[in-house]
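What follows is a set of notes on a single structure, which appears directly below.
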Protein chains: 2
Amino acid sequence: MLKANLTNPNPEQLRTFLTEHLKDDTCLIQVASECAINYTGRAASTAQAGDYLVLIKNDRCVQVHGPKGVKPVNWQPKTNRITTSIEDGLVVLKAERYSPKEIVNIIFLEPALALALTFRDHKGAVLTGSEAQMRSALARDPSVIEPGLIVLHEELPVKVGGVDLYARDQQGRFVVVELKRAKATQEAVHQLHRYVQEVSKRVPQEVRGILAAPSITNPAMAQLNMLGLEFVKVTALPAGDEENKQVSLFG
Amino acid sequence: MLKANLTNPNPEQLRTFLTEHLKDDTCLIQVASECAINYTGRAASTAQAGDYLVLIKNDRCVQVHGPKGVKPVNWQPKTNRITTSIEDGLVVLKAERYSPKEIVNIIFLEPALALALTFRDHKGAVLTGSEAQMRSALARDPSVIEPGLIVLHEELPVKVGGVDLYARDQQGRFVVVELKRAKATQEAVHQLHRYVQEVSKRVPQEVRGILAAPSITNPAMAQLNMLGLEFVKVTALPAGDEENKQVSLFG
DNA sequence: ATTTCTATGTCGGGA
DNA sequence: TCCCGACGTAGAAAT
């Protein structure tokens, strides 16, 4: 896994190291160094000199991590070109993206460590409890929402977006269901309202709107009532479900 | 900056290393290893064995990086407790968060490298071009949006959310301005529409709605026209601005 | 602690 | 490519 490493490299060594390993797209490159970083593109930012960890992954996306938080201080999700140079005796790495036009510039003021790690490619993570999973589970068994409900469409595209579940209730009324995997906010209520209005234009009958989520904020609940819409509690990860229990068990 | 390192450690060595350096909140810990990762909390995920880079920052947030993308495969933004143990001869790191209740479990199957890096704390990055900056700039000089516009409120809270700019035009009509720092979508149009409707309830006069953004998607533009709302082009980073030019210049 | 909103959001999917 | 919406969004600010 460890392909190469370099401690306290001088600029020439570091630049050679980077040039060399940037050619290999099976390896992740890392430099721990005092850096100055500059970004221009969708916005612009400048970071004063400080200690940072620079990661360049197999897919050549770049991220610069400071000592705090999950988010990098600077990053570039996709790079079209990475170039290195030596300016004023310091190694400069330039990560460019063409569309949108963005540049991240990293000056290595005092590199302490450079690493190249060979990353074998591997299966990604399997996620349980996503909205898509909730949706197909509810489409299979809509009685969780309400007895007698019949699902007509999953992900029905309407002009203003996509209706998560389109159904018919026991009395034959059409039902629009908006699904949220986390606590529902006012935004979700408005989204549901839009869909109900849109569907109402197209069918003569009354259209019900149901917001299905594990919980809802107080302002959202008030808004929901005012608009004559309904809330149904639905959990993403049913605690008692035997199948899910097995998936969740670990160690 | 390099505090300690360990290559191909055995489980006891790795565990001692982690225990030792987890005490020091001025250092960032890193382990490159074949791992199996498991998360339960807001959702649940399991990652098959593969090569990963595990970062534990000064603030004890944890992130596990795969070979692709800016986003970690698994992470924990805030940890209340990090524990290590040896199970079946393998080091297991458990990062817990109490609220919401979340656990990330990392099993180090074949650690190749463990590092501890001392990160001096440092100034954060200075960002230019945020929506907040745009807003205050426009509040100072609303003529950019329209000559004769007078801003009455910045961030005016309405029941359905916050109006970015609330103003009055030359003819005395009230104007609701919705601001977007990036390309405006249909969602932004609906948001503006909601605000205009809400404000219309409270004032007798006609209320104008302006969407101010650097650009707008085609469907959003169509929707905007249909609702009788307006679009004004506003860039977050004015290209010709001398001050900004200097900030943007680099290397 | 809860709610809301921004973000260089990132990422994936669909037309 | 553009466009849209989910996300374990993260993180900050206001309540």
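By convention in this document, chain letters (A, B, ...) are assigned in the order of the sequence lines, proteins followed by strands, and residues within each chain are numbered from 1.
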Distance, P atom - from dG11(D) to dC11(C), rounded to whole angstrom |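 After rounding to an integer number of Å, I get 15 Å for this pair.
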On a whole-Å scale, what distance lies between the P atoms belonging to dT4(C) and dT8(C)?
->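 These two P atoms come out 22 Å apart once rounded.
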Categorize [X] for me: base, sugar-phosphate, or nothing, with a 4.0 angstrom heavy-atom threshold over every strand shown.
X: Glu131(A); value: sugar-phosphate
X: Gly69(B); value: sugar-phosphate
X: Glu102(B); value: base
X: Pro77(B); value: base
X: Asn74(A); value: base
X: Pro100(A); value: nothing
X: Ser130(A); value: sugar-phosphate
X: Lys180(A); value: sugar-phosphate
X: Gly162(B); value: sugar-phosphate
X: Gln76(B); value: base
X: Pro157(A); value: nothing

Mapping Glu155(B) and Lys68(B) onto DNA chain C by nearest heavy atom, which one lands closer to the 5' end?
->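 Its nearest nucleotide lies further toward 5', so the answer is Glu155(B).
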Carboxylate-amine/guanidinium proximity below 4.0 Å for [X] and [Y]:
X: Asp51(A); Y: Arg120(B); result: yes
X: Glu131(A); Y: Arg181(A); result: no
X: Lys94(A); Y: Glu96(A); result: no

OP1 or OP2 of [N] less than 4.0 angstrom from a side-chain nitrogen or oxygen of [X], does that happen here?
X: Trp75(A); N: dT8(C); result: no
X: Lys71(A); N: dG9(C); result: no
X: Thr40(A); N: dT8(C); result: no
X: Arg42(B); N: dT9(D); result: yes
X: Arg181(B); N: dT8(C); result: no
X: Thr185(A); N: dT3(C); result: no

To the nearest Å, how far apart are [X] [atom1] and [N] [atom2]?
X: Leu165(B); N: dC5(C); atom1: CG; atom2: P; result: 15 Å
X: Arg135(B); N: dT6(C); atom1: CZ; atom2: P; result: 8 Å
X: Arg97(B); N: dT9(D); atom1: CZ; atom2: C1'; result: 11 Å
X: Gln223(A); N: dT4(C); atom1: CD; atom2: P; result: 10 Å
X: Ile37(A); N: dT8(C); atom1: CD1; atom2: P; result: 15 Å
X: Gln191(B); N: dC4(D); atom1: CD; atom2: P; result: 14 Å
X: Gln63(A); N: dA10(D); atom1: CD; atom2: C1'; result: 14 Å
X: Asp164(B); N: dA13(D); atom1: CG; atom2: P; result: 17 Å

Donor-acceptor under 3.5 Å ([X] side chain, [Y] main chain):
X: Glu198(A); Y: Arg194(A); value: no
X: Lys57(B); Y: Gly69(A); value: yes
X: Asn105(A); Y: Asn38(A); value: no

Kindly assign one of parallel, tilted or perpendicular to the pair Phe174(B) and Tyr166(B), based on the angle between their ring planes and the thresholds 30° and 60°.
->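 Parallel.
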If each of Ser99(A) and Tyr39(B) is mapped to the nucleotide of DNA chain D with the nearest heavy atom, which maps nearer the 5' terminus, i.e. the 5' end?
->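 Upstream on the strand: Ser99(A).
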Tell me which nucleotide among dC3(D), dT3(C), dT9(D) gets nearest to the side chain of Asn218(B).
->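 Among dC3(D), dT3(C), dT9(D), the one nearest the side chain of Asn218(B) is dC3(D).
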